[in-house]
Amino acid sequence: MPPAFFKESIDRVRQKMKAASYSDVELHITEWNFSLYDRNLLHDTMFMAPFVIYQTMNTLGDVEAMAYWSFTDVFEESVVPASPFYGGFGLINRDGLKKPGYYAFELMQKLGDELLMQGDGYACTRKSDRSLQFLFYHYVHVDQLFASGDW
């Protein structure tokens, strides 16, 4: 999907909610991730940290909550391979190793409650003690060759 897939999907759902007189109903996005396939090797790479940050920052304020899928690579619907890295879509692998997506959430958790400014690749927040937090990230979406299935 294109980089703005989640944002555009949320916008379409919001439009449908408004048309159906449900614009005041909370919207929660669950089970989101880069891929629906639990053997996508990108899930184990550094790509996932800026992906998670980009998607959450890009949709900030559009939904009440976004729940990442899934916390661990141990998933009851498929057999967990013996290899510690096989593309599972969890934040933690089967051996308890925290993957890059986990650290993205850890970094964002350190941000303050007040968003002062936000732009392409950065956010600045403030906490109640008046301290500032800056988050810088560089998200580069997968190229067309990868998106076409050439892994």
Side-chain angles (χ1 to χ4, degrees), residues 1-78 86-94 96-144 146-149:
M1 298 297 156
F5 172 75
F6 290 111
K7 173 79 171 159
E8 292 169 354
S9 297
I10 290 168
D11 291 345
R12 279 193 303 276
V13 170
R14 283 278 183 213
Q15 290 172 2
K16 290 179 182 185
M17 290 172 67
K18 185 177 181 180
S21 300
Y22 286 106
S23 58
D24 59 336
V25 174
E26 290 183 358
L27 179 58
H28 298 258
I29 304 299
T30 61
E31 298 187 17
W32 71 274
N33 201 318
F34 175 74
S35 169
L36 299 172
Y37 181 54
D38 72 339
R39 298 295 187 266
N40 189 322
L41 297 176
L42 271 185
H43 291 151
D44 293 333
T45 69
M46 295 304 295
F47 167 83
M48 288 305 292
F51 170 80
V52 167
I53 294 170
Y54 173 81
Q55 297 302 336
T56 54
M57 297 305 291
N58 196 35
T59 57
L60 194 62
D62 294 340
V63 295
E64 191 67 25
M66 289 181 68
Y68 187 82
W69 186 256
S70 128
F71 187 68
T72 73
D73 283 351
V74 179
F75 186 58
E76 78 279 358
E77 294 179 13
S78 63
Y86 59 89
F89 38 49
L91 295 171
I92 298 177
N93 81 348
R94 66 180 193 93
L97 181 68
K98 298 171 185 171
K99 294 166 40 172
Y102 177 96
Y103 290 106
F105 283 108
E106 186 175 286
L107 286 171
M108 289 186 297
Q109 186 275 331
K110 294 178 180 187
L111 292 172
D113 297 330
E114 182 183 356
L115 181 63
L116 299 177
M117 65 178 74
Q118 175 183 359
D120 186 21
Y122 71 91
C124 174
T125 64
R126 179 172 36 212
K127 290 188 177 182
S128 58
D129 65 2
R130 310 289 291 164
S131 65
L132 298 177
Q133 299 75 43
F134 294 90
L135 175 62
F136 297 96
Y137 59 96
H138 181 66
Y139 177 64
V140 177
H141 198 64
V142 295
D143 64 17
Q144 190 56 41
F146 180 88
S148 70

Check this for me, if you would: do Asp62 and Arg14 make a salt bridge, where the nitrogen-to-carboxylate-oxygen distance has to be below 4.0 angstrom? no
Report the distance from atom OG1 of Thr59 to atom CZ of Phe6, rounding to the nearest 0.5 Å. 9.0 Å
Distance in Å, Ile53 CD1 paired with Leu135 CG, rounded so as to fall on 0.5 Å steps: 5.0 Å
Check whether any side-chain N or O of Gln55 sits under 3.5 Å from a backbone N or O of Pro3 as a donor-acceptor pair, and report yes or no. yes
Measuring only between side-chain heavy atoms, which start at C-beta, is Met17 closer than 4.5 Å to Val25? yes
Please answer whether the main-chain N or O of Cys124 pairs with a side-chain N or O of Gln133 as donor and acceptor at a distance below 3.5 Å. no
Show every donor-acceptor pair shorter than 3.5 Å between a side-chain atom in residues 100-113 and any protein atom, with sequence neighbours excluded, or say none if there are none.
none

Are there more than 12 heavy atoms of other residues, nucleotides or ligands under 6.0 Å from atom NZ of Lys18? no
Restricting to non-hydrogen atoms, name the atom on Gln118 and the atom on Asn58 that form the minimum distance, rounded to 0.1 Å. NE2-N, 4.4 Å
Separation between CZ (Arg94) and CG (Leu97), nearest 0.5 Å, reads 11.0 Å
Does a side-chain heavy-atom distance below 4.5 Å link Asp73 with Lys99? yes
If I take atom OH from residue Tyr122 and atom CZ from residue Phe134, how far apart are they, to the nearest 0.5 angstrom? 10.5 Å
If we only count heavy atoms from C-beta on, is the Thr56 to Trp32 side-chain gap below 4.5 Å? yes
Is any side-chain heavy atom of Leu116 less than 4.5 Å from a side-chain heavy atom of Thr125? no
Verdict with supporting geometry, Phe47 and Tyr139, ring pair (Phe, Tyr, Trp, His ring centres under 6.0 Å): CA-CA 8 Å; Phe47 167 83; Tyr139 177 64; 5.8 Å; yes
Distance from Met48 atom CE to Phe34 atom CZ, nearest 0.5 Å? 7.5 Å
Do any N or O atoms from the side chain of Asn33 and from the backbone of Phe89 form a donor-acceptor pair under 3.5 angstrom? yes
Supply the atom-to-atom distance Tyr37 OH to Leu42 CG, rounded to the nearest 0.5 angstrom. 12.5 Å
Asp44 side chain to Gly87 main-chain N or O, any donor-acceptor pair under 3.5 Å? yes
Could you please spell out the steps behind the side-chain contact (heavy atoms from CB on, under 4.5 Å) verdict for Tyr137 and Met57? CA-CA 11 Å; Tyr137 59 96; Met57 297 305 291; 3.8 Å; yes
